[in-house]
Amino acid sequence: MSQIVIDIVEEILKKISTITKKLDWPDLPIDLNSPIGDFAVVCFPAAKTLKKNPAEIASEIALEIENIDQVLSAETEKGYCNITIDWNEIVTNVIKEIDHKSYAKTIEKPDRILIEHTSANPTGPFHMGRARNPIIGDSIARLLEYYGHEVATEYYVNDTGRQAATLAFGLSNYETKNEKKVDHELVDAYRIASKLLEEDEIVRKQIYQKMEDIEGGNSETLREVKNSAKRMLEGMEISLKRLGAEANNYFHESDLIANGKVSEVIEALKDSKICKEEDGAYYLDLEGENIAGRNQKFFFTRKNGLSLYTTRDIAYHLYKFKKYDKALNVLGEDHRLQSKLLGIALRELNSKEPIGLFYSFVNLPGGKMSTRAGRVIYLDDIMEKIVELAKHKLDETDLSEIKKNELAEDIGIGSLRYNVLKVQAEKGFTFNMEDALNLQGDSAPFAMYSHARAAAIIRNYSKDMPEVSINGKLSNSEIKLLRTLAKWPGTVQRSVNNLSIHYIPNYAHELAANFNQFYRDCPVIGNENEALRINLVAISKKILKTSLGILGVKAPNQM
RNA sequence: GGGCCUGUAGCCUAGCCUGGAAGGGCGUCUGGCUUCUAACCAGAAGAUCCAGGGUUCGAAUCCCUGCAGGCCCGCCA
């Protein structure tokens, strides 16, 4: 909450406590999320000791509380006494507080944080099953940066292992026609190679040889797989750019083999007290760690001495912690165990551990999406469709064609991001085209539209912003709007603490809804309370824009 | 078999951490644009909060036991 509001609530609570003491009543619990007013005194617990019914207690305490200076009203409802603080007294200061650039940024010491997100295997275009990752990762990065941390983002490119070898094999053996966006074009070669890997013994041998060469550190092969991945990524990057979720840097897994970092990790892990060996393969014995309910052998080399995926991931994380204080990884839920094992291995090497942010998969009605099988809904297609839909809605407006296209892009992409972000990450969902393309209700355009309305009022006002002052009393819509604006710092804090991005779209919707009600009830221009209201519009606009910005959604001045 | 995540109106979802009055949205129905932009607003209908037990004055929320769905349990990535 706004600091001013926190202070005044505390002051009132102290006075209430004095009152209950004077009456010789037990302390009554407070509900800070009461549906009516700013907070509520819960009267049920006192019923037994006072031998009165809760409603009676509520009425009695309400009479006393109403006399407190900072209280505007105390209404009783069943066993609750709902208290509204006197916003009239604090409104000018609260508006100034919200208007200040440090509002909601309560950080003491910034961390240097590396957020790894997306990191999809570069084997084909992004499908909707994978799209959750860049959208969440990018928005978390924006959130932490807004909060005050120094944030960088990185895409870990998986260009070693079987899939990378299969792609490289495919690209070197099959012609492409250059008719489509590059990733959509190249995925055919990957599919053909994948199929042959399963069916053709000779191809299988060639691909497995390539894998050996990769892990063995053959520089020519490493160069080949890296280049194959880069060719595919070229197309994938275009999608990310359009989504507004491109990472700052691409880190190639193959480089960890090429520069010997993986070998260093293997040697270091062999010195661990819990390192054991079986048929020439080395592992950490995780007995006692109680991983997934069983004793776990965590292999970090094969019997031929070569590295495994996680071994390379360990090397990657050692590198991360050389440059950053914290590492945050946005990963699919299938990586949970993997991530836990990585943490243990890093601990063995006296390194810090990354923080994991896991999300559940987006599935299709019949099951999961698969690039290899071609059972996919592409991110590119969804972006295209939703932007087109947004464009269609702009048909009747008298904006220029260029402006319309720009706006349609912002609305379409914004909606897509918003629809993904508003759901708690742990919640799995089945992809629903209708929901994904929805532009009404709890969606990006709703908040964008409120922002555009606010911008229109300020445009029409066409004077310099006046000093905040109040003339008369605040209406209910104004109080409700202020209450929501005052909740912004708490929302940001909670979102940062839990790494839960869905609080932000939830908040943006609430703020926009409250602004729309204010818009309906309170004419601004020409009103006797114009000076206050125009300031209220300005701070609403500011917080709307900020919250949308964290989501990666643009806040247009017109739509 | 074991571990983790999820279960809230026809559908999607918030609230669960920190117990106190079940919020939104889609869809359905009714009403509102000569007044700062109707992608909006007002109203109606719709919920055994997966089930059962426990703790509590009070449980969607905490604890136990189940059930259902997802993910994982490889010298693959």
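Just so it is clear, the values below take in all heavy atoms, side chains as well, and ignore hydrogens, waters and symmetry mates. From a predicted model like this one, the values you see are computed outputs, not experimental measurements. Quick note on labels: first sequence line is chain A, next is B, and so on, each numbered from 1.
Among the protein residues, A/D279 comes within range of the nucleic acid bases, having at least one heavy atom under 4.0 Å from a base atom. Counting any heavy atom pair closer than 4.0 Å across all strands shown, A/E426 reaches sugar-phosphate atoms only and no base atom. No contact: A/C43 has no heavy atom under 4.0 Å from any strand. Residue contacts for A/M559: at a heavy-atom cut-off of 4.0 Å it reaches a base atom on one of the strands shown. Looking at heavy-atom distances under 4.0 Å, A/D31 makes contact with a base. Among the heavy atoms of the strands, none lies under 4.0 Å from A/A47. At the heavy-atom level, A/L306 lies nowhere under 4.0 Å from the strands shown. Counting any heavy atom pair closer than 4.0 Å across all strands shown, A/E215 reaches sugar-phosphate atoms only and no base atom. Among the heavy atoms of the strands lying under 4.0 Å from A/T160 are primed sugar atoms or P, OP1, OP2 only; no base atom is included. Among the heavy atoms of the strands lying under 4.0 Å from A/E77 is at least one base atom, whether or not backbone atoms are also near. As judged by a 4.0 angstrom heavy-atom cut-off over every strand, A/H502 is placed among residues touching the sugar-phosphate backbone only. A/F446 comes within 4.0 angstrom of the backbone, heavy atoms only, and of no base. Residue A/A40 is classed as a base contact, given a heavy-atom separation below 4.0 Å to a base. Residue-level contact check: A/N304 touches neither bases nor backbone, having no heavy atom under 4.0 Å from any strand.
Contact of the A/I382 side chain with the A/M433 side chain is registered, since non-hydrogen atoms from C-beta on lie closer than 4.5 Å.
Look at CG on A/L32: it is 15 Å from P on B/C17, rounded to the nearest Å. Atom CG in A/L167 sits roughly 20 Å away from atom P in B/C76 (whole-Å rounding). Rounded to an integer number of Å, the gap from CG of A/L331 to P of B/G70 is 22 Å. Atom-to-atom, CG of A/N498 to P of B/A14 comes out at 14 Å; the value is rounded to the nearest Å. The nearest whole Å value for the distance from the CG atom in A/L337 to the C1' atom in B/C76 is 14 Å. The nearest whole Å value for the distance from the CZ atom in A/F300 to the C1' atom in B/A77 is 19 Å. Straight-line distance from the OH atom of A/Y156 to the P atom of B/A77: 10 Å, rounded to whole Å.
Side chain of A/R336, nearest nucleotide from B/A77, B/C5, B/C17: B/C5. Side-chain proximity of A/K48 to the nucleotides B/A77, B/C57, B/G70 is greatest for B/C57. Ranking B/G15, B/A42, B/C17 by closeness to the A/Y503 side chain, first place goes to B/G15. Comparing atom distances between the A/R520 side chain and each of B/A77, B/A38, B/A42 picks out B/A42 as nearest. In the set B/A39, B/A21, B/C75, B/A21 carries the atom at the smallest distance from any side-chain atom of A/S34. Side-chain atoms of A/R494 lie closest to B/C17 of the nucleotides B/C4, B/A39, B/C17. Here B/U13 is the nucleotide among B/C75, B/U13, B/G70 with the atom lying nearest to any side-chain atom of A/V423.
For B/C62 and B/C49, the C1' atoms lie 16 Å apart once the distance is rounded to whole Å. Comparing B/G43 with B/U48, their C1' atoms sit 27 Å apart, to the nearest whole Å. Rounded to whole Å, the separation between the P atoms of B/A68 and B/G23 comes to 32 Å. Comparing the C1' positions of B/C33 and B/A39 gives a spacing of 14 Å, expressed to the nearest Å. To the nearest whole angstrom, the two P atoms, one in B/G24 and one in B/G15, are 15 Å apart. Taking atom P on both B/G2 and B/G54, the two are 26 Å apart, rounded to the nearest angstrom. Across the C1' atoms, B/A45 and B/C26 are found 15 Å apart, a figure rounded to whole Å. Taking the P atoms as reference points, B/A60 lies 30 Å from B/C41, given to the whole Å.
Across all strands shown, the partner of B/A68 is B/U6, judged by Watson-Crick or G-U wobble contacts whose two distances both fall under 3.5 Å. In this structure B/U48 sits in no base pair that meets the Watson-Crick or G-U test at under 3.5 Å. Base-pair partner of B/C17: not found among the strands shown (Watson-Crick or G-U wobble, both distances under 3.5 Å).
Glycosidic torsion of B/C33 falls within 90° of 0, placing the base in syn.
Counting distance only, with no hydrogens placed and no angle test, the side-chain atoms of A/Q338 and the base atoms of B/A77 include a donor-acceptor pair under 3.5 Å. No hydrogens or angles were tested; on distance alone, nothing pairs the side chain of A/D442 with the base of B/A14 as donor and acceptor under 3.5 Å.
In this pair, A/Y282 and A/F300 present their aromatic rings tilted. The plane angle is within the 30 to 60° band.
Remark: A/N516 is not in phosphate contact with B/A38, judged by side-chain N or O atoms under 4.0 Å from OP1 or OP2. OP1 or OP2 of B/C26 has not a single side-chain nitrogen or oxygen of A/N438 nearer than 4.0 Å. The side chain of A/R302 places an N or O atom within less than 4.0 Å of a non-bridging phosphate oxygen (OP1 or OP2) of B/C76. A sub-4.0 Å separation between OP1 or OP2 of B/A38 and a side-chain N or O of A/R453 is present. Proximity of A/K427 to the phosphate of B/A14: a side-chain N or O atom is located under 4.0 Å from OP1 or OP2. Distances shown here put every side-chain N or O of A/R312 at or beyond 4.0 Å from the OP1 or OP2 atom of B/C76. For the pair A/Q424 and B/U13, the criterion of a side-chain N or O lying under 4.0 Å from OP1 or OP2 is not met. Contact between the side-chain N/O atoms of A/Y449 and the OP1/OP2 oxygens of B/A39 is found at a separation under 4.0 Å. Applying the 4.0 Å criterion to OP1 and OP2 of B/G23, one finds that A/H509 has every side-chain N and O outside that range.
Judged by ring centres under 5.5 Å apart and planes tilted less than 30 degrees, A/Y80 stacks against the six-membered base ring of B/A21.
A salt bridge does not link A/D255 to A/K261: none of the charged side-chain nitrogens sits closer than 4.0 Å to a carboxylate oxygen. Looking at A/E215 and A/K210, no side-chain N of the basic residue comes within less than 4.0 Å of a carboxylate O on the acidic one, giving no salt bridge.
Nearest-nucleotide assignment on RNA chain B puts the 5′-proximal partner with A/S443, out of A/S443 and A/V524. If A/P29 and A/K422 are placed on RNA chain B by their nearest nucleotide, the residue sitting closer to the 5' end is A/K422.
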- Task: Check step by step if ring-ring contact (aromatic ring centres under 6.0 Å, His included) holds for A/Y156 and A/Y316.
- Result: CA-CA 9 Å; A/Y156 183 53; A/Y316 179 36; 4.2 Å; yes
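The main-chain N or O of A/T118 is found under 3.5 Å from a side-chain atom of A/N133 such that the two form a donor-acceptor pair.
For the 3.5 Å distance criterion, the side chains of A/S443 and A/Q440 fail to qualify, holding no donor opposite an acceptor. A/Q163 and A/Y190 share a side-chain donor-acceptor pair at under 3.5 Å. A donor-acceptor contact closer than 3.5 angstrom links the side chains of A/T160 and A/E253.
Checked against the 6.0 Å centroid threshold, A/Y418 and A/F446 do not count as a close aromatic pair.
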